[in-house]
Structures are given as structure tokens and as C-alpha cells.
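Below: one structure, written as C-alpha cells.
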Amino acid sequence: MKEERKAGLPELPLAKGEKVVMRFAPNPNGAATLGSARGIIVNSEYARMYGGKFILRFDDTDPVLKRPMLEAYDWYLEDCTWLDAEPDEVVVASERMDLYYEYAEALIKRGAAYVCFCPADVFKTYKEQKIPCPHRTVGDVENIESWKKMLKGVYEEKEAVLRIKTDMASEDPALRDWVAFRILKREHPRVGKKYVAWPTLDFESAIEDHLLGITHIIRGKDLLKSEKRQRFLYDHLGWKYPITMLWGKIKMQEFGKFSTSELRKRIERGEYEGWDDPRLPTLKALRRRGFLPEAIRKFFISIGVTQTDIAVSMKNLYAENRKAVDALASRYFFVRNPKELKLKDGQSFVAKALKHPSRKESRVIRTSNTVYISGDDFAKLNAGQRIRLKFLCDVDIESIEPLVAKIVETPAKDVPIIQWAPSEGIKVVVKKPEGIDKGIGEPLIASELGNVVQFERYGFVRIDSVVEKEVVAYFTQ
RNA sequence: GCUCCGGUAGUGUAGCUCGGCCAAUCAUUUCGGCCUUUCGAGCCGAGGACUCGGGUUCAAAUCCCGACCGGAGCACCA
């Protein structure tokens, strides 16, 4: 029987009466990106669909290679809230280290884990030959002793690791006695030098997923092996593994490949203004550019959870955003690369314009007989041509250099309509992903601080700052 | 090399579990038209796909086999 297709995410496999608990578990080593948004939105949406719980967990257990950023913890929370996905619970792994140590010890006592002193390359050869290393068979008393020393910092980095016993003869080499803890003697931005033995992601998330009662995990398909590794751990402890779904990589065509670490480097080098630079695919940047969270939600829900790697165009997000923003955005005139146009007749004018085509509200634009038109329109202009200055009047272009026009009293049909800026216009700078546009806009723009407006025949922008009658706007689309 | 996933229009996506109502959904893109004192807006319309080969079957996008293509893992990263 085919069912009616529901809008939104596909149903989750669910045990009867089960309460859904979802999690999004980033490493806060930078600001959340569109990729993070997918995780936040889909997980929170599932929690919402089933009246369940959504947990934000920071998997911040690598103070070296994927070093967390102190500010990023709050950023993630802000971004979640902005995306209407406020977590029901927030967990920080680096603050729960003692918990992981307890389980590690329990595992050692059960003979399910052992401290291994093989150098990485030596263990690799054991692994390749499917034979256990000498440390695997050490008794638990000795193991516990070594483990305690590991925790105290007796050993140096790379000298010892804690391994989970799996199956050294496993077909898949990735599954053979994986590392649960390694020594990293580097200060952690959050807990300082308190710990030297850090759990790997596989260990930490395995323990946490169980403790937090996670029912469904959605993870990148590159983490497929994680589940297989973690299952050994769950078996050792007699736990039930959550249902796992995998998804492929998502890439925005317009942004190409980027990693958080790479982004961070470039920002620190000054290649970008910051994490909210309009050229970046971070949520901070999109927020600054005036994207609406509901548009981003719809966008990612429509993409859903599939295992293929996908390259999606921002156009899809733009379309979604346009639908949401069009009704809200007031209209204003802005001309890029302005050109002065002299009106031969009259001294001053008052134009009454519509703030929004489907609302009655109006705005008033006053100007002398000098107005500005955009350089783009100017380039297409010919002498003798008739154009309409929207909401002002129709004019015949008399000469191009200097640019002079004569007012026509009888409005005609099919006249090209262009926007213009008044003599008292204010300076406007628009920051776009592709660069910066400078021009002049009508003075009322200054009253829209923080709002998304439409610059007619140009696009949507968010008014980011107004300083001394100079406006900076961020280009939405 | 070994292990494992996946392949539906330009881009995403639904359908595949339980074969028929699928000459295949929806969105976006593209193209055309309309509306207009904005547009990259809106409205209307059109185009466009089941990777290939074989098999099973009355019937295959859906099941099976093979090929091809793409991706991932094999870390003391997440």
C-alpha cells in the first residue's frame, strides 16, 4: 500500500512507545557552517516530529589537531537558537572526562581494554598480520596500574594508548583493537592542563550516546566504521546500540570545499574580515546577510538524509529565502556607481513611492533637479531615449555627456523603468560575496537598521550599520 | 591493495522495504507567455531523468547477477 507522501523528513524507524532522542555533536573548533546547519536542523526536526529531545553535545576531546575554540561553544548555541533549534540539553565532553575514565577502568577490569605501549608503526604491523600485540594479554592488575600511570601523566605522548579489544583477525583492519585513549599534553582551552589522557571520538561518543539515551544517530558516512568499532564496546558493556543513519557529504557549489580548520587559518591570516564575512558559508555570515532561519530549515529538510554526496546550489536556498523575505522587505532605491542626471525643467521634486507593492504604505523622496542613476543603466542609455524614473516622472534623454534629460508630461506605455537616487542621497556600501558595491541610496534607508530590505532592481540586503549617514548593507541575494 | 557504501532530469529530491495505479513526485534551474511605475518579484505554461547489459516475471525505477561510474574507511583527527 502506498501512503500519502508527507512533506518533510522521512519517518524514523521506531520501536513502539520509544521516546526519540537526537543529538548534534560538533567539535567547536570554529563557527557553525551550512554543513552544521544541516545537522542541527535535521536532528532537531526529528526530535520535534516525535515530541522527543534534542541534545547539543560538544565533542571537544582533541586539544591538538582539532583544537576547540572557546568562543565557538556559545556561537553554536546562538546558531541553534537562531535556527529555532534550541537544544533541550547541552553537554560538553571535556567536562565529563572523569566519567569516561570510569568506563575505561571498568572495561580494563573486564579484560575488554588494555594499555598498549607499542609505537604506532609497530602496532600497525601486528594489525596487518592479524596477530595480537604483547600487551593484549597482560593481566588486569598490571593494566590498571599502567592506566593509572597514564592518567597521572607518567608517560609521554605516543608512549601509551588504551585499546579496546575487538577481533584482531577481523576482515576489516579498521576494526582491529582500536584506540580509546591517547596522551595529549597540551592545554585544553576549556579545562586547561587537568587531563593528559584524552578519549578518541569513537570512545567518547560511544559512551555519551548511551548515557544520553540517544535513540537515533545520523552521522556522516565517513563514520560508518565508527559504528562497527563502537559495537564492540557496547557488546563488552552489554548496551544496545542506537539506530544509525548515514548521510553523504554536502557541498555548496558556490563555496567549494572548505574545512573549519582551513577557514580558521584564513581568518587568522586576515584573508577574511571574520567568521561572519559575507564570503563565508558560516551561519554567522548568513545571519548578517539577512537570511531567514525558516528558509534555511526548509532548505535542509527538503534535502533530507541520503547517502550520496551532493553538491547543492545556493540558488535553492535563495529561492526558499526569497519566498520568506519578499513579503517583509520594504523597497528602496539604491544606485550603484552613480551617474548624475540633470532634469532640465523644475527646481525640486517630491516623489511619493510605495514601500511595498502589496501594501499601501508609502515613502517620500525629495530631490533637487539633480538625481543619480546607476552606472549600469547609464551604460545602456542613448540620446533621444525615453525612460521612466520610477515614481518620479518620464524623461527624454537629451544628451549623454553631460547627462541631461527633459521631463515628459504624458506617460507612455512600455517605457524602461529605472530606479534613481535623490540629490540628498546617502552613501551606501554593499558587501557581497563577490565584492563590494558602492553607490547612493535614498535617505530613508538609514531608518532600516538591522532589517532586510529590497533595493529595487538590485536585490535584497540587510542594513548592517548606519554611521554618520553612511550605510553599510550586506547583500542577501 | 583490502573493506564498505551509493548511482532517478542541469541541481537536489519522492518512489525502491511490500514489482503493476510510475510514459515516474516536488522544488529549483532553463526556456516561452502574461502582469506590471521595481526586480533577479508574482502568475501561467513548456522542456528535462530511472548509468549500462543480462536475468526472473504476465508485469521491474522497484527483485537477482554482472559491468561501468562515483564516494568513503583502513589514524594515538573529528
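Below, chain A is the first sequence line, B the second, and so on; all start at residue 1.
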*asked:* Under 4.0 Å, counting only non-hydrogen atoms across every strand here, what does A:Pro357 touch: a base, just sugar-phosphate, or nothing?
replied: base
*What does A:Ala120 touch in the nucleic acid at a heavy-atom separation under 4.0 angstrom: a base, only the sugar-phosphate, or nothing?*
base
_A:Glu442 and its salt bridge (Lys or Arg N to Asp or Glu O under 4.0 Å) partner, picked from A:Lys390, A:Arg366, A:Arg363_ = A:Arg363
*Who does B:rC50 pair with, Watson-Crick or G-U, both distances under 3.5 Å?*
none
*asked:* Using Watson-Crick or G-U wobble geometry with both distances under 3.5 Å, which nucleotide pairs with B:rU11?
replied: B:rA27
*Could you check A:Arg136, A:Lys130, A:Arg163, A:Arg229 and say which one makes a salt bridge (Lys or Arg N to Asp or Glu O under 4.0 Å) with A:Asp177?*
A:Arg136
*Between A:Arg322 and A:His356, just flag the one whose closest nucleotide in RNA chain B comes earlier from the 5' side.*
A:Arg322
_Under 3.5 Å, is there a donor on one side chain and an acceptor on the other for A:Tyr332 and A:Gln419?_
no
*asked:* What is the separation between atom CG on A:Asp177 and atom P on B:rA75, rounded to the nearest whole Å?
replied: 13 Å
*Have a look at A:Leu224 and say if it touches a base, only the backbone sugar-phosphate, or nothing, with a 4.0 Å heavy-atom cut-off.*
sugar-phosphate
*CD of A:Gln307 versus C1' of B:rG73: gap in Å, rounded?*
13 Å
*Indicate whether OP1 or OP2 belonging to B:rA72 is found under 4.0 Å from a side-chain N or O atom of A:Arg219.*
no
_Quick check on ring-ring contact (aromatic ring centres under 6.0 Å, His included): which of A:Phe123, A:Phe117, A:Tyr126, A:Trp147 does A:His135 satisfy it with?_
A:Phe117
*Distance, rounded to the nearest Å, where A:Ile250 contributes CD1 and B:rU13 contributes P*: 8 Å
*asked:* Once hydrogens and angles are ignored, does a donor-acceptor distance under 3.5 Å link the base of B:rU38 to the side chain of A:Gln454?
replied: yes
*What about A:Phe333 and A:Tyr458, are their ring centers closer than 6.0 Å?*
no
*What does A:Asp222 touch in the nucleic acid at a heavy-atom separation under 4.0 angstrom: a base, only the sugar-phosphate, or nothing?*
base
*Nearest listed nucleotide, side chain of A:Glu456, among B:rG70, B:rU38, B:rA78*: B:rU38
*Looking at A:Lys323, does any N or O in its side chain come under 4.0 Å of the phosphate oxygens OP1/OP2 on B:rU28?*
yes
*Can A:Arg190 be said to sit on top of A:Tyr73's aromatic six-ring, NZ or CZ under 6.0 Å from centre and within 45° of the ring axis?*
yes
*asked:* Students often get this wrong, so: under 4.0 angstrom with heavy atoms, is A:Pro416 touching a base, only sugar-phosphate, or nothing?
replied: nothing
*When we call it a touch if two heavy atoms are under 4.0 Å apart, what does A:Cys393 touch: a base, just sugar-phosphate, or nothing?*
nothing
_Base-pairing mate for B:rC2 - Watson-Crick or G-U, with both contacts under 3.5 Å_ = B:rG73
_Any base atoms under 4.0 Å from A:Phe333, or only sugar-phosphate, or nothing? Heavy atoms, all strands._
nothing
_For a quick check of understanding: with a heavy-atom distance under 4.0 Å over all strands, which category does A:Gln419 fall into, base, sugar-phosphate or nothing?_
nothing
_Please tell me if A:Arg229 has a side-chain N or O lying less than 4.0 Å from either OP1 or OP2 of B:rG73._
no
*Value in whole Å for how far the C1' atom of B:rC77 lies from CZ of A:Arg67*: 15 Å
*With a 3.5 angstrom cut-off on both distances, give the Watson-Crick or G-U wobble partner of B:rA41, or none if there isn't one.*
none
*Please work out if A:Leu223 contacts a base, only the sugar-phosphate, or nothing of the nucleic acid, heavy-atom cut-off 4.0 Å.*
base
*Would one find a side-chain N or O of A:Lys127 under 4.0 angstrom from OP1 or OP2 of B:rA75?*
yes
*Is A:Val161 touching bases, backbone alone, or none of the nucleic acid, heavy atoms closer than 4.0 Å?*
base
*Calculate the interatomic distance between A:Arg176 atom CZ and B:rC4 atom C1'; express it in whole Å.*
14 Å
*Compare side-chain N and O positions of A:Lys249 against OP1 and OP2 of B:rA72 and report whether any pair is under 4.0 Å apart.*
yes
*Figure out the CD1/C1' separation between A:Ile310 and B:rU8, and round it to whole Å.*
14 Å
_Contact nearer the 5' end of RNA chain B, comparing A:Glu320 with A:Glu204_ = A:Glu320
*Phosphate oxygens OP1/OP2 of B:rC77: is one of them under 4.0 Å from a side-chain N or O of A:Thr200?*
no
*Using a cut-off of 6.0 Å, state whether more than 12 heavy atoms not belonging to A:Lys298 lie near its atom NZ.*
no
*Whole-Å distance separating the CZ atom of A:Phe58 from the P atom of B:rA78*: 16 Å
